[in-house]
Colleague: 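There's a structure below that I have some questions on.
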Number of protein chains: 2
Amino acid sequence: MILISIINLGEKMENKNFDSFIKSFTTYLKKAGLSNTIQKEAILKVLFEEAGHLNAEEIASIVKKKYKINIGIATVYRNLNFLENSNIVSAIVKDSSNTKSYEISIDGHHDHIICTKCGKVVEFFDEDIEKSQLEIAQSNGFTIESHNMTIYGICQECKGQ
Amino acid sequence: MILISIINLGEKMENKNFDSFIKSFTTYLKKAGLSNTIQKEAILKVLFEEAGHLNAEEIASIVKKKYKINIGIATVYRNLNFLENSNIVSAIVKDSSNTKSYEISIDGHHDHIICTKCGKVVEFFDEDIEKSQLEIAQSNGFTIESHNMTIYGICQECKGQ
DNA sequence: GTCCGTGCAAAACGTTTGCACGGAG
DNA sequence: CTCCGTGCAAACGTTTTGCACGGAC
């Protein structure tokens, strides 16, 4: 039941601006008996505005600089974990490092191509791959919860050099 | 050039027994100016025989118990990194923990479905997904180096409970 | 004798936890 | 007054690094 409202929140986020997103978010928190804070909002705003894939340290640093809010790294991790479990943000691991990078799920689900040279991340969504995954999981008796589809390679610019 | 011989080694490994595999491996090391050691062989043998997805600690522990070889965890990591870069072993991350598990690439490339409840790993290979990935990468100007396709879900047995 | 790979221990890294404080209801 | 979320610092688990030793050539 909680899961349903979480997923709905994720879906409702599409095509909205940040203010209305925060409104839904606060409502969601209240329903769960939790309260919104300036830190939670700042983390989300950074992910919303930077639109990149940021790790916890980067988020903390931007929050401090841009919004002059004192924020502890533990708070960032606590909130990112909460947001990830609520399907509001999603995490990817850029190869070679063991660091998780996060992005807001506002554009709906997509997968990633990452350049192993410059780190550039390109997003894509492929209906066929999604369908194949579902079939594979089903034929193996699995119910899909999530998946991670990341392609690593060299981008055009880096090939040119 | 180094990369080519590495990839060839990976391909040549299919359908061979461990002895001939080690022979190719030693040749590959010699070409690269490196030497084989009892530790390298033991790590590979464990991955070859156990056929599961083992993390560094597990590999070290099995090497010590089964082959009575003293091996330091640093050596295991050093060799696993080398083997991964040489495409001889590949790593997956079982969700929630941040630990890498390794498997030998002897059966050729495949992807994984992991049960988030019991940790069971099922391997699969899907021609259509592979093809789609190639097309997506190309249309974005990328040359694929590798990819990670992991589906997380609940397996039949865990659903039954 | 030189060099490379090792074991050990310490360090580094990303992340989580314990605790006391402060602000909201 | 209570409770929840926070900052800080310490702890944690995984992985990497520095160093000295020993064996292969």
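Throughout, protein chains are lettered first and strands after them, A, B, ... in sequence-line order, and every chain is numbered starting at 1. Keep in mind it's a predicted model, so treat the numbers as computed, not measured.
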Colleague: In terms of relative ring orientation, are A/F48 and A/F21 parallel, tilted or perpendicular, with 30° and 60° separating the classes?
Modeller: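 Correct class here is parallel.
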Colleague: Among D/dC4, C/dT6, D/dT15, which nucleotide sits nearest the side chain of A/N98?
Modeller: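 Looking only at heavy atoms from C-beta outward on A/N98, the closest nucleotide is D/dT15.
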Colleague: In whole Å, what is the span from the CD1 atom of A/I73 to the P atom of D/dA10?
Modeller: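 After rounding, the gap between these two atoms is 17 Å.
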Colleague: Determine the sole option in A/D111, A/D126, A/I113 for which the side-chain contact (heavy atoms from CB on, under 4.5 Å) test with A/M149 is passed.
Modeller: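 Of the listed options, the one satisfying the test is A/D111.
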Colleague: Could you tell me how far apart B/L80 (CG) and C/dG5 (P) are, to the nearest whole angstrom?
Modeller: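 It works out to 16 Å between those atoms.
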Colleague: Rounded to whole angstrom units, what separation is found between the CD1 atom of B/I69 and the C1' atom of C/dT6?
Modeller: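 Roughly 13 Å, once rounded to whole Å.
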Colleague: Side chain of B/E57 only, please: which of C/dG5, D/dT15, D/dG5 is the nearest?
Modeller: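 Nearest nucleotide to the side chain: D/dT15.
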Colleague: For A/I43 and D/dG5, give me the distance from atom CD1 to atom P, rounded to whole Å.
Modeller: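 My rounded result for the distance is 13 Å.
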Colleague: Considering only C/dT6, D/dG5, C/dC8, which nucleotide approaches the side chain of B/A74 most closely?
Modeller: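 Selected nucleotide: C/dC8.
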Colleague: Using whole Å, what does the distance between atom P of nucleotide D/dG5 and atom CG of A/N36 come to?
Modeller: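 Roughly 11 Å, once rounded to whole Å.
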Colleague: CD of A/E58 versus P of C/dG14: gap in Å, rounded?
Modeller: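 These atoms are roughly 10 Å apart.
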Colleague: Would you mind telling me which of C/dC8, C/dC19, C/dT16 lies closest to the side-chain atoms of A/R78?
Modeller: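 Of all the options, the side chain of A/R78 is nearest to C/dC19.
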Colleague: Strictly below 4.0 Å: does A/T37 bring a side-chain N or O up to OP1 or OP2 of D/dG5?
Modeller: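 It does not, given that no N or O in the side chain of A/T37 lies less than 4.0 Å from OP1 or OP2 of D/dG5.
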Colleague: Does a nitrogen or oxygen in the side chain of B/Y77 sit under 4.0 Å from OP1 or OP2 of D/dT16?
Modeller: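 False: B/Y77 side-chain N/O out of range (4.0 Å or more) of D/dT16 OP1/OP2.
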Colleague: Between D/dG5 atom C1' and A/I38 atom CD1, what is the distance in whole Å?
Modeller: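 Rounded to the whole Å, the gap is 13 Å.
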Colleague: Reckon B/N55 touches a base, only the sugar-phosphate, or nothing at all at heavy-atom distances under 4.0 Å?
Modeller: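 Answer is nothing: B/N55 stays at 4.0 Å or more from every strand.
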Colleague: Quick check: closest heavy atoms across A/T75 and A/I43, and the distance to 0.1 Å?
Modeller: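 For A/T75 and A/I43, the tightest heavy-atom pair comes out as O-CD1, 4.3 Å.
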Colleague: Evaluate the ring planes of B/H53 and B/H112, with Trp represented by its six-membered ring, and classify them as parallel (under 30°), tilted (30 to 60°) or perpendicular (over 60°).
Modeller: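 Because their plane-to-plane angle is over 60°, the rings of B/H53 and B/H112 count as perpendicular.
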Colleague: Atom CG of A/L29 and atom C1' of D/dG5: how far apart are they, to the nearest Å?
Modeller: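 Those two atoms, CG and C1', are 12 Å apart.
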Colleague: Taking OP1 and OP2 of D/dT14, is either one under 4.0 Å from a side-chain nitrogen or oxygen of B/T99?
Modeller: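 B/T99 to D/dT14 OP1/OP2: side-chain N or O found under 4.0 Å.
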Colleague: Would you mind telling me which of C/dG7, D/dG7, D/dT15 lies closest to the side-chain atoms of B/K100?
Modeller: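 The answer is D/dT15, which lies nearest to the side chain.
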Colleague: Could you check which of C/dG7, D/dT6, C/dT16 has an atom nearest any side-chain atom of B/N70?
Modeller: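 Closest nucleotide among those given: C/dG7.
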Colleague: Of the nucleotides D/dT6, C/dT15, C/dT6, which has the atom closest to the B/Q39 side chain?
Modeller: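 Looking only at side-chain atoms, B/Q39 lies closest to C/dT6.
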Colleague: Going by the rule side chain to side chain donor-acceptor pair (under 3.5 Å), which residues pair with B/N148 if we only count those two or more places apart in sequence or in a different chain?
Modeller: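 B/N148 satisfies side chain to side chain donor-acceptor pair (under 3.5 Å) with B/T150 once adjacent residues are dropped.
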